[in-house]
Amino acid sequence: MGKLFIEGRVPLSGTVAASGSKNSGLAIITAAILASDGRVVLENVNAGSDLQDLCEIISALGADVRWLDDTTLEIAAGTLSSSKAPYELARKLRGSTYIVGALLARVGEADVAFPGGCQIGSRPVDFHIRGFQALGADVALEHGSIRARASRLTGSRIYVERASVGTTVNLMIAGSLADGTTILENAAMEPEIVDLANFLNAMGGRVRGAGTNFVRIEGVPSLHGVRHEIIPDRIEACTYLIGGAITRGEVQVTHVIPEHFRTVLLKLEQTGAEIAETDDSVTLRASRRPVSVDIETMPHPGFPTDLHPPMVALMAVADGVSVVQETVFDNRFAYTHDLARMGASVKVDRDTAIVRGTDALTGAPVEAQDLRGGMALVLAGLAAEGTTELGGLEHVERGYVGLGDKLRGLGAHVRGGERLPILT
Ligand code: UD1
């Protein structure tokens, strides 16, 4: 079990490059197995543990997967031979549900463990399953696995409940090789959905409307290999900016698309930070204690739920009282217990946290229980006086590649969190 040791109260200063988006990577690496012909080459892939686990799963399905370098992945799926994903690996990942959509479309059957991922609420997969059924698949939940079968998927008109990101991804993947047209109403509009659509279209797919809430997928008989660059990770990028704000430092994040996180930049400006941007970089400078702001998480383009825990860490040291409402997931506040251990004042009532800022956080032994909640503890540790010893680092490493290295590059006094080696 990995640990990160943080000596706090050191202002972050310098430049860090954003890695490729984890969530785009999960969708696009899975969609790569739709190609029956040719090789997919993906650039800007973040080799965090989630995407490495996914590579292992698709390789066990018979795809030829190899890393050309630290961030470039080559996948040839002409050789796909199995429809059963290794149980122990698939259950670790939330994104493994996408393999059901991809296998159904490509080989007409799938047997994939009920997914894992962060424990931030009940996280059912009922919308995905109803979507597959609407495309004509028989789906059963048996022995901890989703088992699905369809001799041929048929396009359908589907209302995506709660504008679910995962359901939109899955039905775009499955619909791409279906007979006829699939229409998604109330589709998710996240940048990762647009990235997936661009990838599918480059492979020969016909997806229109991605980025709006109405997506139209015309099924095609087959898809082929292509080269594609994955978009930058907007959540990781914003987390380092929040690191600048919480330590009253100056952080430049490069390799980003600022339009993908406009709402977050506005909120950070409201805390009193100065923001400067170019086409592909953002610099945050914070010379004073942040001022409290209220947050309500929303699907894109609203304030992203994945940045709610890092923002609560920032509010924990801010001047004033902040109300943070979580509207996307039903149990995302577990990390606040450990924040309290560090001296934060956070009162949670159902979906809302009331955070009373203090300038006196102190380092403590704490434990990450999920990816973004764990990152909130890292940020709090950077702002706290003394040493924070964070256990459960593996949760955080699922999404933050080379966390320790990147923080050290910004001048933080941290030990641990070296970049994970590539295993496949
Ligand atoms: C994705 C992201 C995650 C992000 C979230 C919201 C990936 C791998 N993960 O998660 O980082 O926080 O979008 O932006 O891309 N729901 C159901 N039944 C379902 C599916 C979802 O009830 O079948 C509920 C969820 O519990 C949640 C809401 O719908 O309350 C939205 O979830 P969804 O957008 O699907 O999130 P994920 O795709 O799991």
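Counting starts at 1 for both ligands and their atoms, following the listed order. In this chain, residues are counted from 1 in sequence order.
Ligand 1 has no nitrogen or oxygen under 3.5 angstrom from a nitrogen or oxygen of Thr167. Among the atoms of Phe329, none of the N or O lies under 3.5 angstrom from an N or O of ligand 1. The N/O atoms of Ala163, backbone and side chain alike, include none that comes under 3.5 Å of an N/O atom in ligand 1. Considering backbone and side-chain atoms alike, Asn23 places an N or O below 3.5 Å from some N or O of ligand 1.
One finds the CG atom of Leu393 at 10.0 Å from the CZ atom of Phe5 (value rounded to the nearest 0.5 Å).
The 12-atom threshold is exceeded at CG of Asp69, counting heavy atoms of other residues, nucleotides or ligands nearer than 6.0 Å.
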Candidate pair Ser19 and Lys406, rule side chain to side chain donor-acceptor pair (under 3.5 Å), full reasoning
CA-CA 11 Å; Ser19 296; Lys406 285 192 175 186; 2.8 Å; yes

Go through the steps for Arg234 and Glu259 under the test salt bridge (charged side-chain N to carboxylate O under 4.0 Å, His left out), then give the verdict.
CA-CA 10 Å; Arg234 62 196 165 100; Glu259 287 69 32; over 6 Å; no

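Between Asp53 and Arg398 there is no salt bridge, since no side-chain nitrogen of the basic residue lies less than 4.0 Å from a carboxylate oxygen of the acidic one. A salt bridge is defined here as a Lys NZ or Arg NE, NH1 or NH2 lying under 4.0 Å from an Asp or Glu carboxylate O, and Arg372 with Asp370 fails to meet this definition. Using a cutoff of 4.0 Å between basic side-chain nitrogens and carboxylate oxygens, Glu277 and Arg262 are scored as salt-bridged.
Of all atoms in ligand 1, numbered sequentially from 1 with element shown, those under 4.0 Å from a heavy atom of Gly166 are 35 (O), 38 (O). Close approach to Val328 involves these atoms of ligand 1, each under 4.0 Å from a residue heavy atom: 27 (C), 28 (C), 30 (O), 31 (C).
Nearest-heavy-atom check against atom 26 (O) of ligand 1 across Gly25, Pro124, Ser96, Ala27 picks out Pro124.
Counting heavy atoms under 4.0 Å from ligand 1, residue Leu26 touches it through the side chain alone. When heavy-atom distances to ligand 1 are checked against a 4.0 Å cut-off, Thr305 comes that close only through its side chain, counted from C-beta outward.
Under a 4.0 angstrom heavy-atom cut-off, Gly95 registers as lying outside contact with ligand 1.
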